[in-house]
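Worksheet for the structure shown next.
Please read all numbers here as calculations on a predicted model, not as lab measurements.
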Amino acid sequence: MSSAPAAAAAPPRTAARPERGSRYLLAIDAVMPIATVVLMIFFAVSRSVFLTVDNLLVVAMQVAPLMILATGAALLLMAGYVDLSVGSVMAVSGVSAALTFQSQGVLLGVVVGLLVGLVAGALNGTLIGIFQLSPIVVTLGMLAAGRGLAQFLAPGSIFGFPESVSSFGAGKLFGVSYLVILAVAAVGIAMIVMNRLPFGRHVIAVGVNARAAFLSGISVRRLVFVLYLVVGLLASVAGLLTVARLDSAPSGTLGAGFEISVLTAVLLGGIPFTGGRGAIWRVVLGVWLMGILANGITLLNVGPEVSGILTGAVLVLAAALEGLRFWVRKKF
């Protein structure tokens, strides 16, 4: 007789566990938006110029290449794959385009730069997607080879481009940089792909369980190949935009550290390293957080080494938040 009430009382307790877990997940997901607001308030109080429209537009322009590249890297990580070569692909694409700018003109230079990114993406996609080699090993190899090739093509910085290159890098439409407009377009396309098109659902399915996705009729190898192709193309776009903004192509520093910045932004966006879920808008917020952090440090006249330390700390924080998400999902 006494066992019946105990059995009847069990369901409310088990139902409460998922509800409590959902609250914990919401609290974890709120950390980054709250941190962004707190940082903006801190920098605004410390330097009144921080919250001016002109300064915020500068921040948006500075993070535009990162924003464009992070959208592609986000889709790749949602599928459970990573590309650590994006900074080097930026460098070799930018240098190739810059050399062509000087000799053959802007249009052909843009085409060459984009083709270099596509070739790098196709190589990564073939080795990883088709032949199923390790993404980390392959892209680390591409990172080293790409940087070496960029420095081989141009041991120093390249200057002296046609005026249209710098005009585009500094150009604005209704007060908004062309670079920002392109970044907004990239984000919009990524959101449409993930929220409206079957391709987005396939990306998530592969990230959740590649074997099950294959058995359901999804061409996993082709999808991974396409994703690496897209990331390579976006890396070349980011390289071209950076060259236009700087009006130079420094082979040694162009895109240097972008691998860490992209990975940090994507992880801050709540996309786990194993893939299977994520939201583009949160990646955008992660990029913006990194942008205001770099801008605020500059306004406070803090040394550049502090920026590297803080970027590393933010990456560790992103990993810790994902660890918490995993623990909550497992526990509740």
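Between Val106 and Phe168, every side-chain heavy-atom pair lies at or beyond the 4.5 Å cut-off. In this structure, the side chains of Trp288 and Met32 stay at 4.5 Å or more apart for every pair of heavy atoms.
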Can I get a per-line list of side-chain donor-acceptor pairs under 3.5 Å for residues 200-210, giving both atom names and the distance, sequence neighbours left out?
unit_1, atom_1, unit_2, atom_2, d
Asn209, OD1, Arg211, N, 3.1
Asn209, OD1, Ala212, N, 2.9

Would you be so kind as to tabulate the donor-acceptor pairs closer than 3.5 Å made by side chains of residues 68-82, with sequence neighbours excluded?
unit_1, atom_1, unit_2, atom_2, d
Thr71, OG1, Ile68, O, 2.6

Please set out all donor-acceptor pairs under 3.5 angstrom arising from side-chain atoms of residues 120-130, sequence neighbours excluded.
unit_1, atom_1, unit_2, atom_2, d
Asn124, ND2, Ser85, OG, 3.4
Thr126, OG1, Ala122, O, 2.7

Please set out all donor-acceptor pairs under 3.5 angstrom arising from side-chain atoms of residues 273-285, sequence neighbours excluded.
unit_1, atom_1, unit_2, atom_2, d
Arg277, NH2, Glu322, OE2, 2.8
Arg282, NH1, Asp29, O, 3.3
Arg282, NH2, Asp29, O, 2.9

Show me the side-chain donor-acceptor pairs of residues 52-63 shorter than 3.5 Å, one per line, residues at least two apart or across chains.
unit_1, atom_1, unit_2, atom_2, d
Thr52, OG1, Val49, O, 2.7
Thr52, OG1, Asn55, N, 3.4
Asn55, OD1, Asn295, ND2, 3.3
Asn55, ND2, Phe50, O, 2.8
Asn55, ND2, Asn295, OD1, 2.9

Check: residues 144-156 side-chain donor-acceptor pairs under 3.5 Å, at least two apart:
unit_1, atom_1, unit_2, atom_2, d
Arg147, NH1, Ser251, O, 2.9
Arg147, NH1, Leu254, O, 2.8
Arg147, NH2, Leu254, O, 3.0

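Following chains of ILVMFWY side-chain contacts shorter than 4.5 Å, one cannot reach Val137 starting from Leu84, and the two form parts of different hydrophobic clusters. Neither Tyr228 nor Val119 shares a network with the other; the hydrophobic side chains, linked directly or stepwise wherever heavy atoms of I, L, V, M, F, W or Y lie under 4.5 Å apart, form separate groups for each.
With sequence neighbours left out, the ring-ring contact (aromatic ring centres under 6.0 Å, His included) criterion links Phe161 to Phe101. Here Phe199 pairs with nothing under the ring-ring contact (aromatic ring centres under 6.0 Å, His included) rule; sequence neighbours left out. For Thr298, there are no side chain to side chain contact (heavy atoms under 4.5 Å, CB included) partners, not counting sequence neighbours. Checked against side chain to side chain contact (heavy atoms under 4.5 Å, CB included), Gln104 has the following partners two or more places apart in sequence or in another chain: Thr100, Leu108.
Atom CE of residue Met290 and atom CG of residue Leu310 lie 10.5 Å apart, to the nearest 0.5 angstrom. We find the OG-CZ distance between Ser219 and Phe225 to be 11.5 Å, quoted to the nearest 0.5 Å. With values rounded to the nearest 0.5 angstrom, Thr242 atom OG1 is found 6.5 Å from Arg245 atom CZ. Rounded to the nearest 0.5 angstrom, Ser96 OG and Ile158 CD1 are separated by 8.5 Å.
Looking only at distances, a side-chain donor or acceptor of Ser216 sits under 3.5 Å from a matching main-chain atom of Ala213. The backbone N or O of Leu179 lies less than 3.5 Å from a partner atom in the side chain of Ser177, making a donor-acceptor pair.
In this structure, Ile34 belongs to a hydrophobic cluster whose other members, linked by side-chain heavy atoms under 4.5 Å apart, are Val38. If you chain together ILVMFWY residues whose side-chain heavy atoms come under 4.5 Å of each other, Val37 ends up grouped with Ile41, Val45.
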